[in-house]
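Read through the structure below, which is laid out as structure tokens, and then see the notes.
Just so you know, residue 1 is the first one in the sequence shown, and it goes up from there.
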Amino acid sequence: MSELITAELVDLDLSATTKDAAARSLAERMVAAHRVTDLEGFLADVAAREAQMPTGLDGGIGIPHCRSEHVSAPTLALGRSGAGIDFGAADGPADLIFLIAAPAGADDDHLTILSGLARRLMDAEFTAALRAGTDPRAVAALIRGEEPPEESQEREQAKTETETEAAGAAASAPFRIVAVTSCPTGIAHTYMAAESLAAAGRAEGVEVTVETQGSAGFKKLDPAVVAAADAVIWAHDVEVREKSRFRGKPLVDVGVKAGINRPAELIAEARRKAERGEIAAVPEPGRAAGSGTGDPDGDGSAADHAHFGVRLRTYLMSGVSYMVPFVAAGGLLIALSFAIGGYEIASAKSVADHFVWGEADSWAALLNQIGSAAFGFLVPVLAGYIAYGMADRPALVPGFVGGAIALTVNAGFLGGLVAGLLAGAVVMAIQRVPVHATLRGIMPVLVIPLIASAVVGFLMFIVVGKPIASLQNALTDWLNGLSGSNAVILGVILGLMMCFDMGGPLNKVAYAFAVGGLADPTDGSLKVMAAVMAAGMVPPLAMALATTVRRRLFTKTERENGRAAWVLGASFITEGAIPFAAADPLRVIPSVMAGGAVTGALSMAFGATLRAPHGGVFVVPLIGEPFLYLLAIAAGTLVATALVLLLKGARGAAPEAAGDAGPADPDSSRVTVTA
């Protein structure tokens, strides 16, 4: 990692007490070193990345990082804190903070820095040397890998001795393991688990070869290495790609954190399974058992606990996650077209036949037709990636075909769901049929897509398409006929779902239900979209207001998060309330759910409508009954705020906020997790 860090970018006595202050202190050093051109702009990018997921790692490590247009060259800065700073790690505050900056678009640089650093952080000698260092120049050299010659020789000699011992043990009892590691972001934990497993293998005299499936893609294990392996370890929190390579071998299937924290146990478990001959443990191609999502803590066997309900949720969330970018792009383009040209712009002539450069209506029609084209992919993408989540790439073609047919027969959003599940199930069934070795090469690219598309097409056109279309029409009629108590009850349910897990599965189900109605908008579906967005804005707005009204009930970090929550809430980013819910779930979650239910009910009762799938207060001009809509949001926010303050007030002031004075107590056991 040469030229990434210099002595000027090392602070061995970091005085900051919060992660924001730590980032600012280290970023100022980057500015002074002419690596960052705009301090505030860069810090905003760091904060935006931090809001997505905590960057704290077990072992007292914090790695805030981002790509930014304000970075001129890939850069790494280190701060060492005596008191420790909370970066959201489960085992407590971090004393080694690495701020990583990469230029915008420099994905390779960014990932290279992160993956290389993550691997070295698994070396206890490396982190111990960083904690013991007294000279910034020596610490910077150590991070760059420029060890003094005598230390390098000693390290190389020790490594050689270890490898010799391991080779001797392997010669007497050879055992080979292939492993796959992956995490949701595909960066730090992916590579730390890989390094941890490899190190444990060397210590145990076991040959461990790891495939890291990270954000930069993955290089497949050599088929000969996989064939020669005695067992397989999957340490992952997302679906393992091309699982069929590992068929017929014993499998240990866990979350990625288990690969970091207890690699020796996993290796021992793999050996035991091999000794017992448990070769049927690896799923058939396309099966989702052990996808990692059934083991959220990363500390148990997902394969053992991934029941059908968990797997079904995984399949559906796969489709929704790929559909959301189409929703955002298409929906906001359509919403912008309405703002420019009015709702009647939807019936304008094709801009391919009629476009006048100087007319606003022509530009509005252009935006509307581009957005409509993007929206036309919603159902096929949903179906295709539900199928992909079930049976990997061979299922994409029948999934997309089934989704397109769902649109053809007017089966809509529900038809897409069913088509995706059918396509995945058909492909999984075909993959179980034994075939001659000469046909295996053409199965995924020709035979499976051909047969599965024909079967799914038959089922959608002839068997299930029309009944689903009838159900879709009935649902549409029901939504259009909603009034009075029925509408209010639906608003309450949607509000509770949006606020329960704030970006999690229930939240996404409610959001997907609302967005599905926008593909063929009616008055009822537009009311549902309005209620969903309004309720989703309540949690962050309520926490922002609560931290403003009663500051002493919240820690310093929570008050800082509260300031950001104003913008997040106004923008319909429900995840802005997650730090508060993670720190105090029993008080925060019921409170915001109550507020969301009130807002959802009032929005439906007021008859507010919304044609944009996102945007928060910035799309108010596109909302029907805008003043009543904002009143519903305000009412829910006040209810949630009052309940939070009431419940927290019974507990008393937060440990770091008593009297609203002084810096945070470094000995406080309270942990605030920022997502």
Side-chain angles (χ1 to χ4, degrees), residues 1 4-5 9-12 14-31 33 35-36 38-71 73-81 83-104 106-107 109-118 120-121 127 130 143 183-192 215 556-558 560-561 563-564 568 575-576 578-579 582 664 671-675:
M1 296 191 294
L4 291 174
I5 185 168
L9 295 170
V10 176
D11 185 353
L12 299 180
L14 184 63
S15 59
T17 58
T18 67
K19 62 183 180 182
D20 291 339
R24 178 173 291 275
S25 177
L26 295 175
E28 287 172 349
R29 289 177 175 260
M30 292 182 175
V31 172
R35 304 291 189 94
V36 169
D38 182 342
L39 176 63
E40 297 302 329
F42 172 65
L43 289 174
D45 292 336
V46 173
R49 169 59 187 87
E50 192 72 25
Q52 296 175 12
M53 182 176 292
T55 55
L57 305 176
D58 291 345
I61 308 294
I63 52 169
H65 56 276
C66 75
R67 291 184 292 268
S68 173
E69 64 181 358
H70 308 296
V71 176
T75 304
L76 173 63
L78 168 66
R80 195 171 67 191
S81 169
I85 300 172
D86 181 15
F87 274 86
D91 66 344
D95 63 327
L96 295 178
I97 295 91
F98 298 87
L99 178 61
I100 302 171
D107 289 354
D109 290 335
H110 189 223
L111 294 171
T112 298
I113 299 169
L114 277 169
S115 60
L117 179 62
R120 299 195 71 192
L121 290 175
T127 54
L130 293 180
I143 295 174
C183 64
T185 54
I187 301 176
H189 289 80
T190 298
Y191 298 100
M192 292 178 73
S215 291
K556 184 177 180 180
T557 300
E558 287 174 328
E560 292 173 353
N561 288 333
R563 288 194 290 271
L568 296 173
E575 290 86 347
I578 288 178
V671 176
T672 301
V673 179
T674 303

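- Heavy-atom minimum distance, D86 versus P93: N-CB, 4.1 Å.
- When the side chain to side chain contact (heavy atoms under 4.5 Å, CB included) test is applied to A27, the partners found at least two apart in sequence or on another chain are L39, F42, L43, L99.
- Atom CG of residue L57 and atom OG1 of residue T55 lie 7.5 Å apart, to the nearest 0.5 angstrom.
- In summary, of the residues considered (I97, T75, L9), a side chain to side chain contact (heavy atoms under 4.5 Å, CB included) with L26 occurs for I97 alone.
- Listed by chain and number, the residues in a salt bridge (Lys or Arg N to Asp or Glu O under 4.0 Å) with R80 amount to none (sequence neighbours excluded).
- At least one side-chain heavy atom of F87 sits less than 4.5 Å from a side-chain heavy atom of E50.
- Here R29 pairs with nothing under the side-chain hydrogen bond (donor to acceptor under 3.5 Å, both in side chains) rule; sequence neighbours left out.
- Nearest heavy-atom pair, A16 versus I85, reported as atom, atom and distance to 0.1 Å: O-CD1, 3.5 Å.
- In terms of the side chain to side chain contact (heavy atoms under 4.5 Å, CB included) criterion, A44 has no residue partners (sequence neighbours excluded).
- The side chain to side chain contact (heavy atoms under 4.5 Å, CB included) check on A564 picks up nothing, with sequence neighbours excluded.
- Of all non-hydrogen atoms in V46 and P64, the two that sit nearest each other are CG1-CB, 4.3 Å.
- For the pair D11 and S25, the tightest heavy-atom approach, listed with the atom from each and the gap, is OD2-OG, 4.0 Å.
- Atoms CG and CZ, on L4 and F98 in that order, are 12.5 Å from each other to the nearest 0.5 Å.
- Among residues two or more places apart in sequence or in another chain, the salt bridge (Lys or Arg N to Asp or Glu O under 4.0 Å) test is passed with D95 by R131.
- To the nearest 0.5 Å, atom CG of residue L96 and atom CG of residue L130 are 6.0 Å apart.
- The nearest pair of heavy atoms linking P74 to P103 is N-CD, 3.8 Å.
- Scored by the side-chain hydrogen bond (donor to acceptor under 3.5 Å, both in side chains) test, D45 finds S68 as partners (sequence neighbours excluded).
- The two atoms that bring A101 and M30 nearest to each other are CB-SD, 4.0 Å, heavy atoms only.
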